[in-house]
Amino acid sequence: MHFNELNLSQELIQAVDELGFTEMTEIQQQSIPLLLEGKDVIGHSNTGTGKTAAFGIPAVESITEADKKNVAVLILCPTRELAMQAHEEIRKFAKFKRIVKAVSVYGGASMEKQIAELKRGANIVIGTPGRIMDHMRRKTLKLQNLRCVILDEADEMLNMGFREDIESILSEVPEERQTVLFSATMPPAILAITEKYQNDTIHIKIKSSQKTVELIDQYYFEVAMGRKTDALKLLLSAYSPASSMVFCNTKKMVDELTEELVKSGFRASGIHGDMKQSQRTQVMNGFKNRSTEILVATDVAARGIDVSGIDAVFNYDLPQDNEYYIHRIGRTGRAGRTGTAYTLISGRRQFYELRDIERYTKASIQEKPLPQKSEIISLKKENIIKEISEFKNVSHESYEILDKLASMGIDYREAAARIISGKLNAEIESLPEFDMPRSLKKGRKGSAKTVKVDINIGRNKRIAPNFILGALVDATGMSGRDFGKIDIFDTHTTVEVPEAEKEYILDSTNPMKINGNKVEVKLYNGVIPTIRGKRPESSGNPRFDRKKSAYGSRKKSDVYSDYIPNRKKRTKKRH
Ligand code: ADP
Ligand code: MG
């Protein structure tokens, strides 16, 4: 559906046209008509699907002459960058509609300037919840004529702890108003807000939201523990993306990695929430105008940032939440373009976490070996040939130098070789050395053999197989399908596990809690452990007895093995 099929004013049609938008995205098609009618909407679609326009176009369209001195639309965004970005886009929609006056307010910027701008008469205000509250308290933002509140990236605002601010804003604005929420995920807290503050809500969920992810080629690299920085340097050298983002989980890691990359000669800058607003703006501008090639960022700092033409996204740390993976890689391949995402993993746990992400996103993330030094060298050679053959700006002085060298007995060929070596050596010397690690995947496939582990908890603690499996899945990050038969006895339980994983499992399950009981996991040696000298008997209940038991006689995948944990949120830090 084309934008001019909507009943938009000429001013809006022209502005959209100038932006080069022709077809609406799905979320726009479904939400814009409803928003124009004044309906309460909750829109659920992935990052990069054009949500700003979905609410920005109706917002601009709704402003009339009567709103000259009134704030009619309030847009809440989680971060300063997003508020600035939404403001920027709204300004473009309003280009030919002079009566629209959009003002953005956010922390870390001059209060006085914002107050002055608000005083001059704003009818659309965009801002972060904290600063909006601040202006409301100071009565520099008056909302008694507000018609519409829009919460952009509502889930992220809740994640960032803005819930109270949002609730006080929503309860202090006129009750007769339109309330609109956009969110990439729908946690229960969002639905609670919907229930409390929206009326006759229309829920729009864009199913094809995976599309953006499908357009992105996704690969992972196995890297030895502690070698991720070197691996990243190798990849950046090999692929030399003109514009890329690298994601880390902590501010500290962003700082350290940025410093490392800069030291190795990469044009990298870091961005995170602890930086001053002016610094962040400077970094973002450098990245947008391509003087910075690599932006190292935390999830929050990068959320929703819309920079076009990002060639590659690197996950240096695995994201702490599966949904973040989609957000991160959505930075590349925006608005229908293709892109590439690379994830670095170290160790078994991260391997399983990646598989969890793969299941969650329903995407295929393929293993790729780290590029060999020799491959990179031949790439560099080609680059030098290309660079020299395409070089146009030859100066008169260079010939003078060559002639002088020739008079010293260094002929042109030798001189050129020395210059080329200088270039090539510098690039090659900085390349880190890597041994090929043993593939975690191959390691797994190669051995279908299983062994048993023994857990010192049993029927006496009212343990059921799903408790055991749930605890194992949580502790190891493996999937329920990776575990085999579970036999529960009076005081202990045995579980079949892949032989190749036995050490990893023992390592990551000690300690482990099941149903509040601290348990010990050991390799099962076939001897049922005794407690207080007594050999535990079978319960007499055939359901639970070995061999005869209902569990024992089924194949592993029949019963418990398809337990997949409902565990989107992860809290453990990993690098
Ligand atoms: P989201 O908020 O869903 O992550 P954005 O609103 O930031 O997405 O939009 C992503 C990019 O797509 C922006 O650069 C925007 O200008 C562009 N865009 C939005 N709608 C369209 C459209 N209908 N046609 C082409 N490009 C669009
Ligand atoms: Mg957005």
Side-chain angles (χ1 to χ4, degrees), residues 1-6 8 12-33 35 41-60 75-95 104 126-128 150-157 159-160 180-186 190 204-213 215-216 243 245 284 287-288 299-310 313 323-339:
M1 197 173 157
H2 201 282
F3 277 99
N4 54 25
E5 287 173 62
L6 290 168
L8 291 176
L12 259 291
I13 293 282
Q14 197 179 342
V16 167
D17 217 47
E18 258 193 30
L19 282 170
F21 294 6
T22 48
E23 289 294 312
M24 279 187 269
T25 65
E26 254 181 284
I27 187 80
Q28 291 165 354
Q29 270 185 49
Q30 293 203 32
S31 56
I32 294 178
L35 294 183
V41 166
I42 175 159
H44 183 179
S45 105
N46 250 328
T47 181
T49 52
K51 292 190 285 289
T52 319
F55 63 75
I57 290 173
V60 170
I75 301 169
L76 304 182
C77 302
T79 64
R80 304 171 267 207
E81 276 75 23
L82 285 176
M84 286 160 74
Q85 204 169 282
H87 185 188
E88 202 53 48
E89 194 147 337
I90 282 173
R91 208 167 11 213
K92 288 178 189 158
F93 298 137
K95 183 170 175 193
S104 48
I126 306 129
T128 49
I150 298 160
L151 279 67
D152 188 20
E153 309 251 7
D155 54 342
E156 189 62 17
M157 286 199 279
N159 282 346
M160 291 171 72
V180 179
L181 262 93
F182 279 94
S183 189
T185 62
M186 285 295 147
I190 297 274
I204 300 172
K205 183 173 191 311
I206 304 303
K207 279 242 184 61
S208 58
S209 55
Q210 300 294 350
K211 251 198 186 127
T212 39
V213 180
L215 282 171
I216 300 166
S243 187
M245 285 186 77
M284 279 316 296
F287 188 54
K288 280 182 190 158
D299 289 287
V300 170
R303 182 80 184 249
I305 282 176
D306 178 40
V307 176
S308 57
I310 295 175
V313 166
E323 193 65 35
Y324 282 177
Y325 179 83
I326 296 174
H327 281 281
R328 286 179 176 190
I329 73 167
R331 302 300 108 215
T332 182
R334 278 175 93 65
R337 286 180 292 269
T338 55

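Positions are given from 1 along the sequence. Numbering of ligands and ligand atoms starts at 1, following listing order.
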Peer 1: Near T49, which atoms of ligand 1 are under 4.0 Å from a heavy atom of that residue?
Peer 2: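 Going through ligand 1 atom by atom, the ones under 4.0 Å from T49 are 1 (P), 3 (O), 8 (O).
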Peer 1: Need the ligand 1 atom indices (1-based, order shown) with element for anything under 4.0 Å from a heavy-atom of F3.
Peer 2: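 Taking each heavy atom of F3 in turn, ligand 1 has 23 (N) under 4.0 Å.
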Peer 1: I'd like to check R331 versus V307 (side-chain heavy atoms, cut-off strictly below 4.5 Å). Are they in contact?
Peer 2: no
Peer 1: Relative to the heavy atoms of E23, which atoms of ligand 1 are at a distance of less than 4.0 Å?
Peer 2: 22 (C), 23 (N), 24 (N)
Peer 1: Out of T22, T25, T52, D152, who gets a non-hydrogen atom closest to atom 6 (O) of ligand 1?
Peer 2: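 Nearest heavy atom to atom 6 (O) of ligand 1 lies in T52.
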Peer 1: Are L6 and P33 side-chain neighbours, meaning at least one heavy-atom pair lies under 4.5 Å?
Peer 2: yes
Peer 1: Looking at ligand 1, does any of its N/O atoms fall within less than 3.5 Å of an N/O of E153?
Peer 2: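 No; every N/O pair is 3.5 Å or more apart.
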Peer 1: Can you name the residues that form a side-chain hydrogen bond (donor to acceptor under 3.5 Å, both in side chains) with D17, not counting sequence neighbours?
Peer 2: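 None.
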Peer 1: One pair to check against side-chain contact (heavy atoms from CB on, under 4.5 Å): M24 and I32. What are the steps and the verdict?
Peer 2: CA-CA 10 Å; M24 279 187 269; I32 294 178; 4.2 Å; yes
Peer 1: Contact between T49 and E26 at the side-chain level, heavy atoms closer than 4.5 Å - yes or no?
Peer 2: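 No, every pair of side-chain atoms sits at 4.5 Å or beyond.
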